[in-house]
There are 2 protein chains.
Amino acid sequence: MELLEKRIQEDGVVKKGGVLKVDNFLNHQMDIALFNEIGKEFKRLFADRPVNKILTIEASGIGIACITAQYFQVPVVFAKKTQSINLDGEVYSTKIESFTHKRVYDVIVSKKYLGPKDRILIIDDFLANGCAVNGLLDLIECAGASVEGIGIVIEKGQQMGGRLLREKGCRVESLAVIERMDEETGEIFFRH
Amino acid sequence: MELLEKRIQEDGVVKKGGVLKVDNFLNHQMDIALFNEIGKEFKRLFADRPVNKILTIEASGIGIACITAQYFQVPVVFAKKTQSINLDGEVYSTKIESFTHKRVYDVIVSKKYLGPKDRILIIDDFLANGCAVNGLLDLIECAGASVEGIGIVIEKGQQMGGRLLREKGCRVESLAVIERMDEETGEIFFRH
């Protein structure tokens with residue numbers, strides 16, 4: 001997606017350890033006009049799929065998922081990190097290791113909002129090693145729901161997550177795939 | 001807001017300890033069509049205010065803030081709970097006590113995305129004792145930004161948060177204000 005790649009080139013900052021900071025427009029400050037273009041593109045890519053619900057994970061997936069949901073006219077469910085007293089005991093749960101935060105989270109979704117009739121589009125901001133998406137797939141499998149596709153804003157192509165998901169048959173559509181980043185010069189190269 | 005009150009009556013569940021569960025449409029599963037009506041209403045209520053940014057707090061404020069931002073055509077910034085290695089050291093921080101989770105969070109926002117030129121509309125899903133909103137006001141004050149208003153989806157009128165904010169001069173607009181909930185019958189009464 002050209003508009004997105006351009007924005008990553010302009011505002012993305014390459015940090016040590018393979019970190020790409022895009023908090024200017026994607027996951028801290030959020031450019032809602034860009035999110036609308038992202039949502040439209042996900043709809044175009046998954047137009048053939050009978051999606052009836054979008055699943056994401058807190059926190060940075062929520063904004064993109066909500067804007068995208070307008071184009072599919074479906075509700076969004078977000079998986080929650082750690083148990084809240086406001087949720088019933090009736091949850092599906094899994095564990096997800098965070099690359100960014102270097103810790104393991106318990107992630108839950110209420111059984112009321114994920115079930116066998118649900119045809120899920122997973123939406124998230126980043127795909128790196130795939131831990132978050134695999135956790136969501138785990139929750140979907142527990143619920144007996146089906147996965148119609150996985151929509152990712154930025155995939156880090158150097159890491160294995162995307163390849164492994166595609167190898168096991170998932171339809172993954174990433175709007176920008178990072179081929180390589182140069183920590184010295186700050187240059188970002190995309191895969192096409 | 002009649003549509004919202006109707007939905008709370010239909011789908012809200014009153015739990016022990018003054019807890020109102022609205023995770024069917026507001027803060028776990030999210031009804032995006034309803035969020036659009038909520039966003040329009042916030043725009044109507046704050047149409048006279050020169051808002052240039054919406055500030056919310058993760059996680060359940062993000063969806064409403066993003067949908068609402070479309071009507072103001074402004075970006076959203078969400079304050080983050082606990083430090084992330086993906087954020088620079090350059091942050092404003094405060095502490096917020098969570099009524100729901102019975103714990104204290106460190107909450108941060110990058111100095112890059114909150115500054116003296118920002119005219120902020122705070123958006124959140126719930127207002128009870130006001131801890132979250134007061135934390136956000138603290139961050140805004142640290143940044144030298146100004147507050148144009150506070151838009152809340154559900155205010156728990158039995159708790160002090162809303163009254164204290166209004167007493168200190170904040171313009172608070174709550175789309176539904178709970179007057180009283182009956183834990184025995186599950187009835188919910190609104191303030192008008």
Side-chain angles (χ1 to χ4, degrees), chain A residues 13 15 17 19-25 27-36 53-88 91 98-103 108-110 112-114 126, chain B residues 13 15 17 19-25 27-36 53-88 91 98-103 108-110 112-114 126:
Chain A
V13 179
K15 295 272 177 181
V19 173
L20 173 63
K21 277 173 66 80
V22 286
D23 61 6
N24 174 274
F25 61 93
N27 50 20
H28 185 24
Q29 183 166 255
M30 299 183 284
D31 180 337
I32 306 301
L34 176 68
F35 281 23
N36 267 296
K53 195 169 279 186
I54 287 176
L55 181 67
T56 189
I57 181 167
E58 65 174 61
S60 47
I62 296 174
I64 298 148
C66 286
I67 299 293
T68 298
Q70 295 175 319
Y71 298 96
F72 289 87
Q73 298 185 281
V74 298
V76 174
V77 172
F78 68 91
K80 300 194 175 201
K81 292 169 182 166
T82 79
Q83 181 98 31
S84 152
I85 62 158
N86 257 2
L87 282 166
D88 290 331
V91 299
S98 167
F99 173 74
T100 316
H101 299 88
K102 312 254 183 257
R103 51 162 292 191
I108 58 173
V109 66
S110 168
K112 285 185 285 187
Y113 309 127
L114 197 59
F126 266 97
Chain B
V13 179
K15 294 273 177 179
V19 172
L20 174 64
K21 281 174 62 82
V22 285
D23 60 5
N24 174 274
F25 62 93
N27 50 20
H28 185 24
Q29 183 166 256
M30 299 182 286
D31 179 337
I32 306 301
L34 177 68
F35 281 23
N36 267 296
K53 195 170 278 183
I54 288 176
L55 181 66
T56 189
I57 181 166
E58 65 174 62
S60 47
I62 296 174
I64 298 148
C66 286
I67 299 294
T68 298
Q70 296 176 318
Y71 298 96
F72 288 86
Q73 298 186 282
V74 298
V76 174
V77 171
F78 68 92
K80 299 194 174 198
K81 291 169 182 166
T82 79
Q83 182 98 31
S84 152
I85 61 159
N86 256 2
L87 282 165
D88 292 330
V91 297
S98 167
F99 173 74
T100 316
H101 299 87
K102 312 256 183 252
R103 51 162 291 190
I108 57 173
V109 65
S110 169
K112 286 184 285 186
Y113 308 128
L114 197 59
F126 265 98

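Order of the sequence lines sets the chain letters (A, B, ...), proteins ahead of strands, with each chain counted from 1.
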Where on B/Val74 is there a heavy atom nearer than 4.5 Å to chain A: the side chain, the backbone, both, or neither?
backbone
Looking at every non-hydrogen atom in both residues, tell me the closest pair between B/Gln70 and A/Asn36 and how far apart they are.
NE2-ND2, 3.0 Å
Once side chain to side chain donor-acceptor pair (under 3.5 Å) is applied, do any residues pair with B/Thr56, and if so which ones, sequence neighbours excluded?
none
Nearest heavy-atom approach of A/Met30 to B/Phe78 is CE-CD2, 3.5 Å
Flag for A/Lys112-B/Gln29: side-chain donor and acceptor within less than 3.5 Å
no
Qualifying salt bridge (charged side-chain N to carboxylate O under 4.0 Å, His left out) pairs with a residue from residues 55-68 of chain B, counting only residues at least two apart or across chains
none
Could you tell me which portion of B/Asn24 (side chain, backbone, both or neither) has an atom closer than 4.5 angstrom to a non-hydrogen atom of chain A?
both
Dump the intermediate steps for side-chain contact (heavy atoms from CB on, under 4.5 Å) on B/Gln73 and A/Ile32, then the final yes or no.
CA-CA 8 Å; B/Gln73 298 186 282; A/Ile32 306 301; over 6 Å; no
What's the separation between atom CD1 in B/Ile64 and atom SG in A/Cys66, rounded to the nearest 0.5 Å?
8.5 Å
